[in-house]
Amino acid sequence: MIAEVIVDVAAATVDRPFDYEVPELWQNLVVPGMRVEVPFGPRALLGIVVATKEESDLTRIKPIVRVLDEVPTYTEELLELSSYLSETTLCYQATALLAMLPAALKVSYDKLILTETARFSHWNRKKISQFPSEVQQEILLAARQGEVELQPVIKEKKTTKTDKRIRLLDPSVPLSSQATKQVLLRDYLIEQKETMWSQVMHELDLTLSIVHTLERKGVLSVETVDINRNPYEHLTQDIFTPARLTDDQQAAVDAITAPDETATFLLHGVTGSGKTEVYLESIHAMLERGRQAILLVPEISLTPMMVKRFKRRFGERVAVLHSGLSLGEKYDEWRKIAQGEVDVVVGARSAVFAPLTNVGIIILDEEHETTYKQEENPKYHTRDVATWRAAFHHCPVVLGSATPILETYARSQKGVYQYLPLKERFGGELPPVDIIDMRKELERGNRTPFSLPLIEGIKQRIERGEQTVLLLNRRGYTTFVLCRDCGETLQCPHCAVNLTYHQQADRLKCHYCGFEAAMPKECPSCSSKKIRQFGTGTQKIEEELAHLIPEAKIIRMDQDTTSRKGAHEKLLNAFERREGNILLGTQMIAKGLDFPNVTLVGVIAADATLGIPDFRASERTFQLITQVSGRAGRGELAGQSIIQTYNPEHYVIQTAKQHDYETFYNREMQLRKLGGHPPFWFLGLITISAAHPLEAQAEAEAIAAQLRHLESDDLVVNGPLDAPLARLKNMYRQQVIIKHKGQEEVREALRAMLALRIKQKIQVTVDLNPFVFM
DNA sequence: AGCACGCCGACT
DNA sequence: GTCGGCGTGCTC
Ligand SMILES: [Zn+2]
Ligand SMILES: [Zn+2]
């Protein structure tokens, strides 16, 4: 038997199946979807069996050396999905396949040192990676001289937690009466017949050698078994009383759960309109029919509270996949799904690949969130994968948001998606939104970043024992370093960006490549001492606020205070326990918005995002303000939001204040049409990077020229231009943007272009649904 | 992507 | 004469 195998190499020249012989021993064992170890040239690689056949056209075929799975890791569906992904996002199939797996099922590569030379015996049978690089050089030299052999090995990352099942075999074997521990265990087993090592280890105070001795004597048998870690062990299912649904909610549930429904729905409802109840009820209905559900949420809203809510509602048959879990825990959750032990999967982007076999509904909550788009290969959008899987399983997709992206809303208007509005809001009207004109504050002589009404509002909340969340729009709160004599700003030596000053460490950092340096004492170009940081960092803002409101207890969340693992949760918990009365930070504070004691939300520079040269800047600002202002005062207490801006009459600010999506949409659509942007056009972003700027430019021009042959009324090629991030990690970057109407030929042309333009040292990447244009 | 093989410049 | 630079080609 022959297996067709995709090897774990991301390169165009090997982006196809390779034939391998299946050894006699595994003839009936190896099936498509299994991970195997295969020899590939001089290497040993992870491979994925995508098909089997009886014969191959080739004469020299190597055998599979190891089968890594007992049951296939990929279902037939997921194998098909990987083809769809590689075709539509123009990535290699290996990349698509690997992206669908939890990290624990990927492998690392190493080399085993084998030597008979006495001089090198201290290396024998050790892995090369355990030695420092200078020793590795010596080893490679010895290998070249034939003194040692390097055998490529692959190592699985999965660490299944195991236990030992101990069974009594023969109690009549004579034991020395002095071997008290052995007798103890035997007598225990005579009573219990079988036990687990983890149980008796402490109870009888045993060591493993005692067990092994008894195993050798034939008294008992030992079997290693996998056990599942359960990070949510303490949570049990509540007795569930169905929520009373509003008419809107009921209508939505009825539409979504109609028999044989396969549509994509847009569930459009403001914060507090009860989208979650619609999700829960729809999932419940699908489970009743014996089908399964995937609920996708942005990583940021995957809070312990949310997890608890789902565990309580659906009990043990829920798997939650999120970044807070360890590698092993993620793998355990994944395995529970694969083994059919769960019916509901809740998770962020990659949970859309959950290996369920009978999906009845897929939900994307907060569908406008940009984290649903993966920015590395495969550059997929979760919405597209969800739609594909729903088509495979003949089931509906639900897209939920208060602020759907224009593409989604437009599709619902055209009838491509079914529109399900939720108009009623629990707790009545949306909280009032006050727009503060910061120009007037400036005229009044207020030069702080905080308007008078905001300061008064915060003081009032502190008096009443309530809390405030202050959102800093990340843009505009970074500090750079400038020389006041020569005007030089300090740049990253590897990238075309300013270095950011970090007050905490008194160091300079590059956010793109990780470069770090000490803050210089003098200007590197003119040696002037008049060099210092400019711009207002979050720490500076905190200091100003503390100065204005001395009684405030401020919890600041930014890169500096949350870099340590778990610090994020810790700060949020402290805020929830009311150990602070102000939570100050960038977008990462969003989780704090749902705390019931928060009655004031302030957005410090709401329009900082408006100035970004990105056609989605208005949309993002609208989303931010609407999402934030819908949330204050979700508990018993009345809420308020204060939006500070220098553009109070801007349509984004005005429509967001009124929570008027419709007007915003109409206005924004006009601008998108005029500007030739999505949803009126599809985009393709081609990024070309090379070590030399002229190389990159020449290649980009060649690519643009080639694509211009396709130009028509429905296809426009822009560029090449310097990328906004013109240099990254010492590579110069050019961009070509192709605007089109969704023609199939575009993808084919780009695929052909990628296949043709494989020059070493010049990198070309394509994103067919770009959201980040850096 | 790696890794080997191979063909030219500057070292012992 | 040899070490090592990276250009080229192959991997079932
Ligand atoms: Zn200077
Ligand atoms: Zn950098």
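To find a chain, count down the sequence lines: A is the first, B the second, and so on, and within it residues start at 1. In this text, all values refer to a predicted model and were calculated from it rather than measured experimentally.
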Using a heavy-atom cut-off of 4.0 Å across all strands, would you classify [X] as base, sugar-phosphate, or nothing?
| X | value |
| --- | --- |
| A:Thr13 | base |
| A:Tyr20 | sugar-phosphate |
| A:Pro17 | nothing |
| A:Leu58 | base |

Quick one: [X] [atom1] to [N] [atom2], roughly how many Å, whole number?
| X | N | atom1 | atom2 | answer |
| --- | --- | --- | --- | --- |
| A:Tyr92 | B:dA1 | OH | C1' | 9 Å |
| A:Lys62 | C:dC10 | NZ | P | 15 Å |
| A:Asp110 | B:dC3 | CG | C1' | 16 Å |
| A:Leu97 | B:dA1 | CG | C1' | 17 Å |
| A:Leu46 | C:dC12 | CG | C1' | 16 Å |
| A:Leu140 | B:dA4 | CG | C1' | 14 Å |
| A:Lys111 | B:dG2 | NZ | C1' | 8 Å |
| A:Gln137 | C:dG4 | CD | C1' | 13 Å |

Among [options], the one nearest [X] by side-chain distance:
| X | options | answer |
| --- | --- | --- |
| A:Phe18 | C:dG7, B:dA1, C:dC12 | C:dC12 |
| A:Ala11 | B:dA1, C:dG4, C:dC12 | B:dA1 |
| A:Val9 | C:dG4, C:dC12, B:dA1 | B:dA1 |
| A:Arg144 | B:dC3, C:dG4, C:dC12 | C:dG4 |

With a 4.0 Å limit, can you tell me whether A:Lys761 has a side-chain N or O closer than that to the phosphate oxygens OP1/OP2 of B:dA1? no

Just to confirm, is there a sub-4.0 Å distance from OP1 or OP2 of B:dG2 to any side-chain nitrogen or oxygen of A:Arg43? yes

Pi-cation contact, A:Phe771 with A:Arg616 (under 6.0 Å, within 45°): yes

Could you walk me through whether A:Asn730 and A:His494 pass the side-chain hydrogen bond (donor to acceptor under 3.5 Å, both in side chains) test, one step at a time? CA-CA 5 Å; A:Asn730 290 321; A:His494 313 296; 3.1 Å; yes

Is the ring pair A:His677/A:Phe615 parallel, tilted or perpendicular, if the boundaries are 30 and 60 degrees? parallel

Would you call the rings of A:Trp388 and A:Phe392 parallel, tilted or perpendicular, taking 30° and 60° as the class edges? parallel

With the threshold set at 4.0 Å, does a side-chain nitrogen-carboxylate oxygen contact exist between A:Lys106 and A:Glu156? no

